[in-house]
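Quick note on labels: first sequence line is chain A, next is B, and so on, each numbered from 1.
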2 protein chains.
Amino acid sequence: MDPTQSNEAAVPLYKQLADTLRQQIESGELNDQEPLAPERELALHYKVSRDTVRKAIRLLDEEGMIYSDHGRGTFITSAPLRDMAKAIGSFTLDTLRRGGVPGQKVLVFEKVTAGMAIASVLNIKPDTVLHHVKRVRLIDGEPIGIQDSWLCLPKGQGFSREQLERKGSLYRLLVEDLQIQPSVALESIGSILACEQDVALLNLDKGAPLLLCERVTMSERRVPIEYCEMRYGPSYRYKNKVTQWGGN
Amino acid sequence: MDPTQSNEAAVPLYKQLADTLRQQIESGELNDQEPLAPERELALHYKVSRDTVRKAIRLLDEEGMIYSDHGRGTFITSAPLRDMAKAIGSFTLDTLRRGGVPGQKVLVFEKVTAGMAIASVLNIKPDTVLHHVKRVRLIDGEPIGIQDSWLCLPKGQGFSREQLERKGSLYRLLVEDLQIQPSVALESIGSILACEQDVALLNLDKGAPLLLCERVTMSERRVPIEYCEMRYGPSYRYKNKVTQWGGN
DNA sequence: TAGTGGTCTAGACCACCCC
DNA sequence: GGGTGGTCTAGACCACTAG
């Protein structure tokens, strides 16, 4: 627990501590709704300052692993709730959690120039060259949804169809191969009737209702990097966590 | 900027500072994508520690108002993105932002005993008494969605139909009248065909696709307080912000 | 009243970006 | 090299909860 020595990796102390605690929780060393050790005690035990402990706790809180009650203690979220929180934002993890095998079939892989609509949401000039990828998402080989992605990558960066098919996940390709870390995405979600192509690709009945999700993904500098349209059949459920309360 | 004196309200310093900065941004004193003053400078100017400044900045970051870049500075999110972030999680705010007038029509207001399904998601014993409220949501008087809520309130607490109709918002009723602050909600979102009742209430065509959103809302102590089923017609778009990346 | 989390401070050093 | 945000510390006091 010392990032100055062995500055290999150089993971911050509070992240190391969070990893340690996360592992303890997931391995069942600590039971649901049981209190964690008090912050001061953890600080003493791991030989870090209380502030560092608090940062680790905050991280785990944001992940939905634990929560703090003023004056009472810090408690472990119940296992069902933890599982649900983990499934959020990840087709792959959610599928695995339900015991399914995630997959994809790449239908279209091309470079295109941005039209007005996409240029507008990505905040770029029309006719900028984009990567366009159209995929069918599979669970246990069954088609579940269609994803149309338009990516605006930094000049000189790109990837091949084979690279994407090997990774199996566009997100992992961005992070691992292109060093691009998505930080925030804004989504607009609605319903729509399946068109003929949707019916054919997803193996649905005519007139089936679809979940339509449009997403703009931004890098850490809040530069839009991807616009994505997703269509899911009625059997898929999108998971979400709400933490902002404006006054519904 | 001193909570020890005039301990009226006793709003923490970093929240006061966040309010100040938020107001400056919204009033246009600072322009989009312009850098904020450096943290050390803000600390000096407002006579607080740098750590307090950082807490305020973190708060505004979570709200989507600003973002920080290591080594470069802290910048103001562009206005369109700020607006979109503000609309999240709030039917009322989103509607107002689009220039509409939000409304509601209460269809059902009753006390019921929990069935097995609802008892399970709310983590309570079956036959516990719940408030059941069914409403149609309106924009400019037009029906947009149907919401079915089951509320599990602390013993002795309750509210009347008139109270709800006066507030116009179940959320505000919880916070202002019952001192219950929602902290996290987990949602499962999918699509479904409108049934006969949906068609009639929302004034849709037969076979219209609906957005179905099921939500469990929890209090600050992670006690489930509400289960809600929402059905929206194709004209409504649900807004969402994604900040967790597990590996899509 | 004792114990917990929440806020605040002052100062230090590191990591990153850009000139 | 100079300026920025990111991490870390040690200690103080406040606010809330529970026995």
Side-chain angles (χ1 to χ4, degrees), chain A residues 1-19 21 33-62 66-76 154 179 181 183 219-223, chain B residues 1-19 21 33-62 66-76 154 179 181 183 219-223:
Chain A
M1 201 74 80
D2 185 351
T4 60
Q5 310 291 336
S6 79
N7 49 15
E8 182 104 28
V11 179
L13 279 180
Y14 74 91
K15 284 186 184 170
Q16 294 182 41
L17 179 52
D19 288 342
L21 296 174
Q33 329 249 199
E34 284 295 307
L36 228 58
E39 297 177 351
R40 290 164 177 85
E41 214 170 288
L42 288 171
L44 232 61
H45 185 274
Y46 291 102
K47 297 188 174 58
V48 295
S49 73
R50 186 179 158 216
D51 209 60
T52 298
V53 171
R54 283 178 61 73
K55 274 185 188 152
I57 286 177
R58 172 157 212 166
L59 205 59
L60 294 172
D61 187 0
E62 282 166 359
I66 60 180
Y67 62 96
S68 295
D69 256 16
H70 194 169
R72 294 207 320 141
T74 299
F75 303 86
I76 298 175
Q179 278 77 49
Q181 180 68 247
S183 69
S219 69
E220 288 172 306
R221 290 197 186 177
R222 301 308 194 265
V223 178
Chain B
M1 202 75 84
D2 185 351
T4 60
Q5 309 291 336
S6 80
N7 49 16
E8 180 103 26
V11 179
L13 279 179
Y14 74 92
K15 283 186 186 173
Q16 294 181 41
L17 178 53
D19 288 341
L21 296 174
Q33 330 249 201
E34 284 294 307
L36 228 59
E39 298 177 350
R40 291 162 176 87
E41 212 170 288
L42 288 171
L44 231 61
H45 184 274
Y46 289 103
K47 296 188 174 59
V48 296
S49 74
R50 185 176 160 218
D51 209 61
T52 299
V53 171
R54 283 179 61 74
K55 273 183 190 157
I57 286 177
R58 172 157 212 166
L59 204 60
L60 294 172
D61 187 2
E62 282 166 359
I66 62 181
Y67 62 95
S68 295
D69 256 16
H70 195 168
R72 294 207 318 142
T74 299
F75 303 86
I76 299 175
Q179 278 78 49
Q181 181 69 246
S183 69
S219 68
E220 288 173 305
R221 290 198 187 175
R222 301 306 195 267
V223 177

Can you tell me how far [atom2] of [N] sits from [atom1] of [X], to the nearest Å?
{"X": "A:Phe75", "N": "C:dG3", "atom1": "CZ", "atom2": "C1'", "answer": "12 Å"}
{"X": "B:Lys55", "N": "D:dT7", "atom1": "NZ", "atom2": "P", "answer": "15 Å"}
{"X": "B:Leu42", "N": "D:dG3", "atom1": "CG", "atom2": "P", "answer": "17 Å"}
{"X": "B:Glu220", "N": "C:dG6", "atom1": "CD", "atom2": "C1'", "answer": "13 Å"}
{"X": "A:Glu39", "N": "D:dA10", "atom1": "CD", "atom2": "C1'", "answer": "15 Å"}
{"X": "B:Asp51", "N": "D:dG6", "atom1": "CG", "atom2": "C1'", "answer": "11 Å"}
{"X": "B:Leu17", "N": "C:dC8", "atom1": "CG", "atom2": "C1'", "answer": "13 Å"}
{"X": "B:Gln16", "N": "C:dT7", "atom1": "CD", "atom2": "P", "answer": "12 Å"}

For [N], take OP1 and OP2 only and decide whether either is under 4.0 Å from a side-chain N or O of [X].
{"X": "A:Ser68", "N": "C:dT4", "answer": "no"}
{"X": "B:Tyr14", "N": "C:dT7", "answer": "yes"}
{"X": "B:Thr52", "N": "C:dT7", "answer": "no"}

DNA chain D: stems of at least 3 consecutive Watson-Crick or G-U pairs, cut-off 3.5 Å?
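Looking at DNA chain D, the stems formed by three or more consecutive pairs are C:1-18 with D:1-18.
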Please identify each residue that fulfils side-chain hydrogen bond (donor to acceptor under 3.5 Å, both in side chains) with A:Thr74, with sequence neighbours left out.
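Once residues adjacent in sequence are excluded, the partners of A:Thr74 under the side-chain hydrogen bond (donor to acceptor under 3.5 Å, both in side chains) criterion are A:Ser68.
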With sequence neighbours excluded, what pairs up with A:Arg58 under the side-chain hydrogen bond (donor to acceptor under 3.5 Å, both in side chains) test?
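Here the qualifying residues are B:Glu62.
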Check if the side chain of A:Arg50 and the base of C:dG6 share a donor-acceptor pair of N or O atoms closer than 3.5 Å.
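Yes, a donor-acceptor pair under 3.5 Å.
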Those residues that, when tested against A:Asp69, pass salt bridge (charged side-chain N to carboxylate O under 4.0 Å, His left out) (two or more places apart):
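Testing A:Asp69 for salt bridge (charged side-chain N to carboxylate O under 4.0 Å, His left out), a comparison that skips the adjacent residues, returns A:Arg72, B:Arg221.
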Restricting to salt bridge (charged side-chain N to carboxylate O under 4.0 Å, His left out), what partner residues turn up for A:Glu220, sequence neighbours left out?
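None.
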Consider the side chain of B:Leu13, meaning its heavy atoms from C-beta on, and name the nucleotide among C:dG6, C:dC8, D:dC8 that approaches it most closely.
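Side chain of B:Leu13 sits closest to C:dC8.
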Nearest to side-chain heavy atoms of B:Pro38, which nucleotide of D:dC8, D:dG5, C:dT4
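For B:Pro38, the side-chain atoms sit closest to D:dG5.
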Find the distance between [atom1] ([X]) and [atom2] ([Y]) and round it off to the nearest 0.5 Å.
{"X": "A:Thr52", "Y": "A:Leu42", "atom1": "OG1", "atom2": "CG", "value": "12.0 Å"}
{"X": "B:Phe75", "Y": "B:Ile66", "atom1": "CZ", "atom2": "CD1", "value": "11.0 Å"}
{"X": "A:Ile57", "Y": "A:Leu21", "atom1": "CD1", "atom2": "CG", "value": "7.5 Å"}
{"X": "A:Arg40", "Y": "A:Leu44", "atom1": "CZ", "atom2": "CG", "value": "11.0 Å"}

Produce the list of close N/O pairs, under 3.5 Å, pairing protein atoms with atoms of nucleotides 16-19 of chain C; give distances to one decimal.
none

Do the side chains of A:Lys55 and B:Asp51 get close enough for a salt bridge, i.e. N-O under 4.0 angstrom?
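Answer for the salt bridge query: no.
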In terms of the nearest nucleotide of DNA chain D, which residue is placed more toward the 5' end: B:Arg54 or A:Arg40?
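Its nearest nucleotide lies further toward 5', so the answer is B:Arg54.
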Between B:Leu59 and B:Ala18, which heavy-atom pair has the shortest distance, and what is it?
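Heavy atoms only, the tightest pair is CD2-CB, 3.9 Å.
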